Amino acid sequence: MPHDDFPAGSVWLVGAGPGDPDLLTRKAARLIVAADIVFYDALVGPGILDLIDPHAERISVGKRSGRHSRDQRTIDALIVAAALKGKRVVRLKGGDPAIFGRTAEEVTACRAAGISVRICPGITAASAAVASAGTSLTLRGVARRLTLVTAHAQAGATLDLDWQGLAANDSTLAIYMGRAAAATVARQLVAAGRSPDTPVLVVVNASLPNERIIRGRLSSLAFLVEAISAQDPAMLIVGEAVEPDPSFACAPSSRTCDAMIAS
Ligand code: SAH
């Protein structure tokens, strides 16, 4: 059935999911195939970019830790300019566009220019990470809250989070962009009252062939992330919900199961 939700001169912000092309939604795949131009982030993998029409333009606007990237205003302007030329524009983002994805800025820029803009959700990295580890983000009666938090601080700034709020025992923390600040996160959470024995799960390259799953305790978090390269995306999950089942050996989907480290 033909779709009429992607007219010329309009924009879709599309969630590409965590990396595995099979974790794209059908709608995301359809929009990518139909696009005249695709602006994509560094975390969108090759298997997904392969869906782009060979005649369409593909433009990397990637942001990656420590590397130069186009600033947000430039990206907004590029999207708007392409739509004003009458192109079907896909802005492809890792995970879900609504989670640490600068979606608000891009939607605002499009609306200000009178351009139709819509959002196609995607599977966020936190969901992919716990799925790979065979566990859950919530746990009935134990982990009643889920907090999605970024531990990325502006260059030169200290990480200023509500540590008391984050230290609540009944909450699972899904920490995005947390590798560099892992030692600070662990120290501050423990100082705010979270037990050093709280289980942690670190998933690097979740859903991709080079995925790694690392388990430990809050007290060992800094050590657990030490060997992770700045180029590899990593999710840190903290909370009782990710306590490994005693029978846990190695999650079936993980290619390597590096460590089960007790503090
Ligand atoms: N919108 C994205 C998050 C963008 S912020 C989403 O919903 O997933 C980028 C951060 O997401 C990375 O630094 C990392 O912490 C996390 N991330 C994204 N993809 C990941 C993956 N495949 N594996 C582990 N973490 C990932």
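Computed from a predicted model, the values in this text were never measured in an experiment. Counting starts at 1 for both ligands and their atoms, in listed order.
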Nearest neighbour in protein (non-hydrogen) for atom 22 (N) of ligand 1: P18 O, 2.9 Å

What residue and heavy atom of the protein are closest to atom 14 (C) of ligand 1, and at what distance? A234 O, 3.4 Å

Could you tell me whether some N/O pair between I99 and ligand 1 is separated by less than 3.5 angstrom? yes

What verdict does the salt bridge (charged side-chain N to carboxylate O under 4.0 Å, His left out) test give for R217 and E243, after you've listed the backbone C-alpha separation in whole Å, the side-chain angles of each residue and the deciding distance to 0.1 Å? CA-CA 9 Å; R217 304 271 161 198; E243 175 79 83; 2.9 Å; yes

Distance-only, no hydrogens or angles: does the R88 side chain make a donor-acceptor pair with backbone N or O of A34 under 3.5 Å? no

Per-atom contacts, ligand 1 versus D96 - under 4.0 Å to a heavy atom: 1 (N), 6 (C), 7 (O)

Got a donor-acceptor contact below 3.5 angstrom from the T198 side chain to the L218 backbone? no

Contact (N/O only, under 3.5 Å) between A125 and ligand 1: yes

Look only at interatomic distance and state if L43 has a nitrogen or oxygen under 3.5 Å from any nitrogen or oxygen of ligand 1. no

Looking only at atom types and distance, does a side-chain atom of S207 sit under 3.5 Å from a main-chain N or O of D20, one as donor and one as acceptor? yes

Check: R215 side chain, V242 main-chain N or O, donor-acceptor pair, under 3.5 Å: yes

Please state whether G94 comes within less than 4.0 angstrom of ligand 1, counting heavy atoms only. yes

Does T124, backbone or side chain, put an N or O under 3.5 Å from an N or O of ligand 1? yes

I'd like to know if G101 contacts ligand 1, where contact means a heavy-atom distance under 4.0 Å to any ligand atom. no

Start with the C-alpha distance between D5 and R30, add both sets of side-chain angles, then the distance that settles salt bridge (charged side-chain N to carboxylate O under 4.0 Å, His left out), and finish with yes or no. CA-CA 11 Å; D5 59 357; R30 172 171 64 77; 2.9 Å; yes

Hey, quick one: are L221 and L166 part of the same hydrophobic cluster, counting side-chain heavy atoms closer than 4.5 Å, chains of contacts allowed? yes

Output yes when a side-chain donor or acceptor of W12 lies under 3.5 Å from a complementary backbone atom of A35, and no otherwise. no

Check: D96 side chain, A98 main-chain N or O, donor-acceptor pair, under 3.5 Å: yes

So is there a nitrogen or oxygen of S207 less than 3.5 Å from a nitrogen or oxygen in ligand 1? no

Sub-4.0 Å heavy-atom contact, K93 with ligand 1: no

Using distance alone, determine whether F100 and ligand 1 share an N or O pair under 3.5 Å. no

Which residue and atom name correspond to the protein heavy atom nearest atom 5 (S) of ligand 1, and how close is it? M177 CE, 3.5 Å

Here the pair of heavy atoms bringing L201 nearest to A129 is CD2-O, 4.3 Å

Nearest-contact summary for atom 11 (O) of ligand 1 - protein heavy atom, Å: Y176 CD2, 3.5 Å

So which bit of P97 gets within less than 4.0 Å of ligand 1, heavy atoms only: side chain, backbone, both or neither? neither

Using a 4.0 Å heavy-atom threshold (strictly under), name the region of V203 that reaches ligand 1: side chain, backbone, both or neither. backbone

Check: S136 side chain, T138 main-chain N or O, donor-acceptor pair, under 3.5 Å: yes

So which protein heavy atom does atom 21 (C) of ligand 1 come closest to, and at what separation? A206 N, 3.6 Å

